Amino acid sequence: MAATVVRTVCPKDCPDTCGLLAHVEDGRVTRVVGDPDHPVTRGFLCGRFQHYEELIHHSDRLLRPLVRESKSEPFREATLDEALDLVAARLGAIAAEHGGGAILPYSYLANMGVVANRFADRLWNRLGTSRVGMEICAMAGAEAVFRVMGRIRGTEPQFLDRTKLYVAWGRNPKATGVHSWALTKDIHPRVVIDPFQSDTARAADLWIQLRPGTDSLLAIGMMRLLVERDWVATRFVEERTNGYEALRAKVLSVSLADVVAETGVPLARIEELTELYHSVRPGLLHAGVGLQRNTNGGEMVAAICMLAALTGQVGVPGGGALYANFDWDWADISHAELRGGDAPRLVSMLQLGRALTADDSLKALVVYNSNPAATAPNQSLVWHGLQREDLFVVVHDLFLTDTARFANVVLPATSFAESTDVYRSYWHDYAQIGNQAIAPVGDSLSNHALVQQLARRLGFTEPCFEETEEQVIRAALAGTGLAVDDLRAGPVPAEDPHKTSFADGRFPTPSGRLELLVPTYTPAHDPEHRYRYITPKSREQHGSQLFLYERKRPMLETPFLFIHPDDAAAEGIADGDAVRAWNSRGSVELVAKVSRRVQPGLVVSYMVRWGANANATTSDEPADMGGNSTFHTNYVSLARA
């Protein structure tokens, strides 16, 4: 059979949302490359997914359903009909006896497709289940930007050729956002603000190594210098903002000496950074998502946005502040009317362990697009809840993940290459349909097919459950002006590519202006544990995914913990020693990497390994905004293992 090339899309939770070309021979994907005609992908992929074909046809991929009555028993293979009948029967019985709220679907964005994410809402609405939010990743920063600007928008990638100063604030694009790196690597001066010397920090013209969680105070110090030196963009502030006088009073009440003492950044460096941002224009403050996974994550992102506003650079192509471009206008395809009048019980994604162990009101957990046994905080409590024999656990995944090992039923899932879906990025503004390249492997089901199969078995006859993937996509596109045929052919701009956000000076806030909130700094500390422990992403993994990728194994097999030489000496730890990091929530064993990439009092390891990992120590307390995760406000003690 002749080889074919299918245009599709990388489905992962990543701002790049790359266009892909899948090469297919004899029903197998033999090669996946970046689409050279995609304006952002430009023909290359990140190191994680340059060999997608190896993941699609991995030898450990689940091909048949696995079932067991008790979690103490081994799995056995089952037919697809047997497994689906079992799941439908148990969910139906639980809903009949305890109400739909006793069932909790748990999913996130392992597949960013609209169908893969939102079609299942119809089933959960019809059953009247409990629901989780989206708190685990980015909501503190999203709420902060929304409060300040009214839309979660900033400068778009097509305007980066105008940027003269690029500030990666809590971002590491060289490792985790390679298309952003490609568009900014030749911008000088390039500044990185990060407590850890990331790959991008190593390549910076100026690296600001502040203490973790002190970013809003650094921004306050910079704002004070702007005010004192009469560098505030007075006309922009007067015409387009609200709340300046209160902000001005607050920043002038904070001494630069306090900023230096708390952030650990020398005054000369703060002055240098402020002078650069004032004089080299347009300058872009590009805030990372990891930055806001702190108890004060919202206040930090808000401060960055307001710093951009004081210089008058919001709405300037290539300038301002960018957290995400995340105001998609998909139509609602959830069919909320299926639920009736009852609002669902809401469970925080962060507090899954609490929800499963506080009482036995949850009788079933259905996991898809996620692996919470590895990725959720307070891991030991999550595991304890998953072990409940009275909790019926269903996992839909490509692999036998950590979460799947706690399941009663494991259903094999399709990869992106085996289904059709539509995607948008939360950085660039291109939408595109990922066309199906091959038939489902083994008994694997797409999320769409799984919902249809369960709805039929549960006796749900509403027509919305029988819609094809294309019909669901058309429903999601209603009112967007985007056409299915165009999206099948390749990337289509969903916004005017010639306009940058807020260029007209209009902000959809209550005042119609950019809201200058009174900036705050909320310190964090733990009197019992000395070391702040943060877990940034690496170039090798994507969340908990790719852990089984053979070509990645040499880079992943050793779980390093970066520790400063002074701290290593104080703890009697040598390079290569086994180390236990622990606190009241749990502990994890790692291998010491003595390095000056970290500052004293800070330890760092990369996220997210399978098995016991750093999340054994992380807190499930929410951030100051959006109920967001606080993975990086984490303190541990160290001991040689």
Side-chain angles (χ1 to χ4, degrees), residues 15-17 39-40 138-169 171 173 177 179-180 183-184 187 219 233 235-237 239-243 277 281-289 291-292 298 301-330 423-431 479-482 491-517 625-626:
D16 295 19
T17 311
V40 175
M139 296 307 292
E143 183 174 329
V145 178
F146 190 81
R147 287 189 190 184
V148 174
M149 299 186 185
R151 295 176 68 196
I152 306 168
R153 297 287 304 185
T155 204
E156 297 79 6
Q158 65 266 29
F159 297 112
L160 288 173
D161 60 353
R162 306 188 193 185
T163 303
K164 303 301 182 186
L165 169 70
Y166 180 74
V167 182
W169 201 317
R171 294 191 79 247
H179 296 88
S180 170
L183 293 174
T184 59
I187 298 173
R235 183 175 178 182
F236 180 92
V237 168
E239 295 180 355
R240 298 188 176 185
T241 74
N242 183 49
Y277 190 53
R281 298 180 180 232
L284 177 62
L285 306 178
H286 198 168
V289 174
L291 166 74
Q292 49 86 71
V301 174
I304 293 168
C305 292
M306 292 183 289
L307 181 59
L310 290 195
T311 63
Q313 298 200 63
V314 176
V316 175
L322 173 63
Y323 175 68
N325 288 319
F326 193 70
D327 58 345
W328 305 340
D329 55 356
W330 303 127
Y423 301 87
R424 271 197 69 175
S425 162
Y426 50 87
W427 172 44
H428 63 73
D429 284 322
Y430 289 93
T480 65
L482 298 170
V492 177
E495 306 287 342
D496 186 340
H498 304 293
K499 294 181 179 179
T500 195
S501 300
F502 310 117
D504 59 1
R506 297 178 181 175
F507 298 89
T509 61
S511 69
R513 292 167 169 245
L514 185 149
E515 295 290 345
L516 293 173
L517 310 178
M625 296 185 195

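Source: prediction; values computed, not measured.
- In F146, the CZ atom is not crowded: 12 or fewer heavy atoms of neighbouring residues, nucleotides or ligands sit closer than 6.0 Å.
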*For T509 and L514, what are the C-alpha separation, side-chain angles and deciding distance, and is it a side-chain contact (heavy atoms from CB on, under 4.5 Å)?*
CA-CA 7 Å; T509 61; L514 185 149; over 6 Å; no

*Might you work through the side-chain contact (heavy atoms from CB on, under 4.5 Å) test for R147 and V301, ending with a clear yes or no?*
CA-CA 11 Å; R147 287 189 190 184; V301 174; over 6 Å; no

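- Applying the salt bridge (Lys or Arg N to Asp or Glu O under 4.0 Å) test to residues at least two apart or on different chains, none of the pairs has a partner in residues 498-516.
- E156 places a side-chain N or O within 3.5 Å of a backbone atom of S501 that can act as its donor or acceptor partner.
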*Steps toward side-chain contact (heavy atoms from CB on, under 4.5 Å) verdict (L291, W169)*: CA-CA 8 Å; L291 166 74; W169 201 317; 4.3 Å; yes

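- Residues N325 and G154 come closest through the heavy atom pair OD1-N, 2.8 Å.
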*asked:* Walk me through whether L284 and F159 qualify under side-chain contact (heavy atoms from CB on, under 4.5 Å).
replied: CA-CA 11 Å; L284 177 62; F159 297 112; over 6 Å; no

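- With rounding to the nearest 0.5 angstrom, the NE2 atom of H179 is 8.0 Å from the CH2 atom of W427.
- Here the closest non-hydrogen pair linking T184 and L160 is CG2-CD1, 3.9 Å.
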Tell me which donor-acceptor pairs under 3.5 Å the side chains of residues 303-317 have, and how far apart each pair is, sequence neighbours excluded?
unit_1, atom_1, unit_2, atom_2, d
T311, OG1, A308, O, 2.9
T311, OG1, Q313, NE2, 3.4
Q313, OE1, G283, N, 2.7

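- Minimum heavy-atom separation, M149 to P508: O-CD, 3.5 Å.
- Within the 4.5 Å cutoff, the side chain of S180 has heavy atoms near those of the R171 side chain.
- Without hydrogens or angle criteria, Q292 side chain to V289 main chain gives a donor-acceptor distance under 3.5 Å.
- From L285, atom CG reaches atom CG of L165 across 7.5 Å, with rounding to the nearest 0.5 Å.
- Of the inter-residue distances, the one linking R153 atom CZ with Y323 atom OH reads 15.0 Å to the nearest 0.5 angstrom.
- Atoms OG1 and CG, on T500 and L322 in that order, are 9.5 Å from each other to the nearest 0.5 Å.
- Taking each heavy atom of Y166 and P173 in turn, the nearest pair found is OH-CG, 4.2 Å.
- A donor-acceptor distance shorter than 3.5 angstrom exists from the side chain of H428 to the backbone of D16, with no hydrogens or angles considered.
- Distance alone, capped at 3.5 Å, is enough to place a donor-acceptor pair between the W328 side chain and the S425 backbone.
- Checking each of P493, P497, P39 against Q158 for a side-chain contact (heavy atoms from CB on, under 4.5 Å) leaves exactly one that passes, namely P497.
- To the nearest 0.5 Å, atoms CZ (R240) and CG (N242) are separated by 15.0 Å.
- Smallest separation of non-hydrogen atoms from F236 and F507: CZ-CZ, 4.5 Å.
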